[in-house]
Q: 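Below is one structure. I have some questions about it.
Just so it is clear, the values below take in all heavy atoms, side chains as well, and ignore hydrogens, waters and symmetry mates. In this text the structure is predicted, and so the values were computed from the model without any measurement.
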Amino acid sequence: MPTRRLSIVLAEDSMLLREGLASILDRAGHEVRDSVGDAETLLAVVRKDPPDVVITDVRMPPGHSDEGLRAAAAIRADFPAIGILVLSQYVADAYLSSLLESTTGGIGYLLKDRVGHVAEFLESLDRVAGGGTVVDPEVVRQLLARRRNDGPLAALTPRELEVLALMAEGHVNGAIADQLVVSEAAVRKHVGNIFAKLQLDDGLDRRVSAVLTYLRG
């Protein structure tokens, strides 16, 4: 059972995937309060009774373009405390940038394949519900492979980029240390260097700001 039972609104136009997600969440001890197939209905049920978390596909009826993403943005504007977990079939930089542009947490962007890794999916859900920012590891890898060398990230060392990539996936310092087989003190030093090199103000949530700089870089 989860440490916290979440109330969830699920939006996915594929009935098969929607029912599969609902089953996973129910078995994990969460409450899927509403399960809908289009963005308009998603907005209606959330505004009627806001849940803890919304899980939505990017592409939904009627246009199957970015209706789910636009609904997520509207929900975030009206209910900033609601966690938003967006599912996408493909890595789409434009969608990712739009989603993360004005948020400081409580947001996740996962590829649908990640749902098959049930433990990872549920862990990501918990992070988003707790106000964290979670980005699919495959998205992070593809963005890193395409990273430009003339932006703010050019000043970072390869190890600092590794640390920042793991931060983007939602890992805390201890988990980063385990993955890189270094001490947590070494990770803290790398994180401090990242903040300094990216010139992030002390008044901001610098960890999230660093991740957003990475994802936009």
Side-chain angles (χ1 to χ4, degrees), residues 1-12 17-18 20-22 24-36 39 42-43 45-46 49-58 60 66 68-89 91-92 95-140 143 164-176 205 207-212 214-215:
M1 296 292 290
T3 55
R4 177 188 174 194
R5 187 170 189 259
L6 301 171
S7 62
I8 297 169
V9 171
L10 176 61
E12 165 61 54
L17 179 56
R18 191 165 72 238
L21 280 167
I24 289 171
L25 295 166
D26 181 68
R27 290 200 304 270
H30 298 304
E31 175 196 7
V32 179
R33 204 179 57 215
D34 290 286
S35 181
V36 304
L42 167 62
L43 288 170
V45 298
V46 169
D49 187 10
D52 296 316
V53 179
V54 166
I55 301 176
T56 181
D57 191 6
V58 169
M60 298 187 66
D66 62 350
L69 186 63
R70 286 189 280 113
I75 291 166
R76 171 46 54 95
D78 293 342
F79 305 97
I82 294 178
I84 307 288
L85 181 55
V86 174
L87 303 179
S88 180
Q89 189 68 43
V91 178
Y95 292 150
L96 184 59
S97 297
S98 298
L99 177 65
L100 297 173
E101 187 67 31
S102 61
T103 184
T104 56
I107 284 288
Y109 183 97
L110 297 179
L111 299 182
K112 289 185 178 180
D113 288 347
R114 192 64 48 191
V115 176
H117 304 275
V118 175
E120 292 180 28
F121 170 69
L122 293 174
E123 182 181 357
S124 295
L125 176 65
D126 287 340
R127 289 177 186 167
V128 169
T133 299
V134 178
V135 180
D136 194 284
E138 181 59 28
V139 175
V140 172
L143 291 176
L164 186 50
L166 290 169
M167 287 169 59
E169 292 176 20
H171 297 295
V172 297
N173 288 355
I176 294 172
D205 184 334
R207 196 175 186 93
V208 172
S209 296
V211 169
L212 297 182
Y214 168 77
L215 293 171

Q: Determine whether Val134 and Leu85 make a side-chain contact, defined as any pair of heavy atoms from C-beta on separated by less than 4.5 Å.
A: no

Q: Should Val32 and Asp26 count as side-chain neighbours, where that means a heavy-atom distance under 4.5 Å?
A: no

Q: Within the distance-only criterion (no hydrogens, no angle test), does the side chain of Ser7 pair as donor or acceptor with the backbone N or O of Asp52 below 3.5 angstrom?
A: yes

Q: Kindly compute the distance separating CD1 (Ile8) from CG (Asp34), expressed to the nearest 0.5 Å.
A: 11.5 Å

Q: Distance from His30 atom NE2 to Leu10 atom CG, nearest 0.5 Å?
A: 12.5 Å

Q: Do you know which two heavy atoms are closest between Gly68 and Met60, and how far apart they sit?
A: CA-SD, 4.0 Å

Q: Using side chain to side chain contact (heavy atoms under 4.5 Å, CB included), reason through Leu110 and Val115 one step at a time and then give a plain yes or no.
A: CA-CA 8 Å; Leu110 297 179; Val115 176; over 6 Å; no

Q: Would you confirm whether Asp136, through its side chain, and Tyr109, through its main-chain N or O, come within 3.5 Å as a donor-acceptor pair?
A: no

Q: Tell me if a side-chain donor or acceptor on Arg18 pairs with a main-chain N or O of Glu12 at a distance below 3.5 Å.
A: yes

Q: Under a 4.0 Å N-O cut-off, is there an ion pair linking Lys112 with Asp57?
A: yes

Q: Minimum heavy-atom separation for Pro80 and Ala77, please, with both atom names.
A: CD-O, 4.2 Å

Q: As a quick check of understanding, evaluate side chain to side chain contact (heavy atoms under 4.5 Å, CB included) for Leu164 and Met167, giving each step before the final call.
A: CA-CA 5 Å; Leu164 186 50; Met167 287 169 59; 4.2 Å; yes

Q: Quick one: are Leu42 and Val9 in side-chain contact, heavy atoms under 4.5 Å?
A: yes

Q: Which heavy atom of Leu122 sits nearest a heavy atom of Ala28, and at what distance?
A: CD1-CB, 3.7 Å

Q: Measure from the side-chain N and O atoms of His171 to the backbone N and O of Ile176, and report whether any donor-acceptor pair falls under 3.5 Å.
A: no

Q: Do you know which two heavy atoms are closest between Thr56 and Ala72, and how far apart they sit?
A: CG2-CB, 4.2 Å

Q: Flag the pair Phe121 / Leu25 as yes when at least one side-chain heavy-atom distance between them is below 4.5 Å, and no otherwise.
A: yes

Q: Any heavy-atom pair between the side chains of Asp126 and Leu6 that's under 4.5 Å?
A: yes

Q: With a 3.5 Å distance limit and no angle check, can you tell me whether Arg76 reaches the backbone of Ile82 through a side-chain donor-acceptor pair?
A: yes

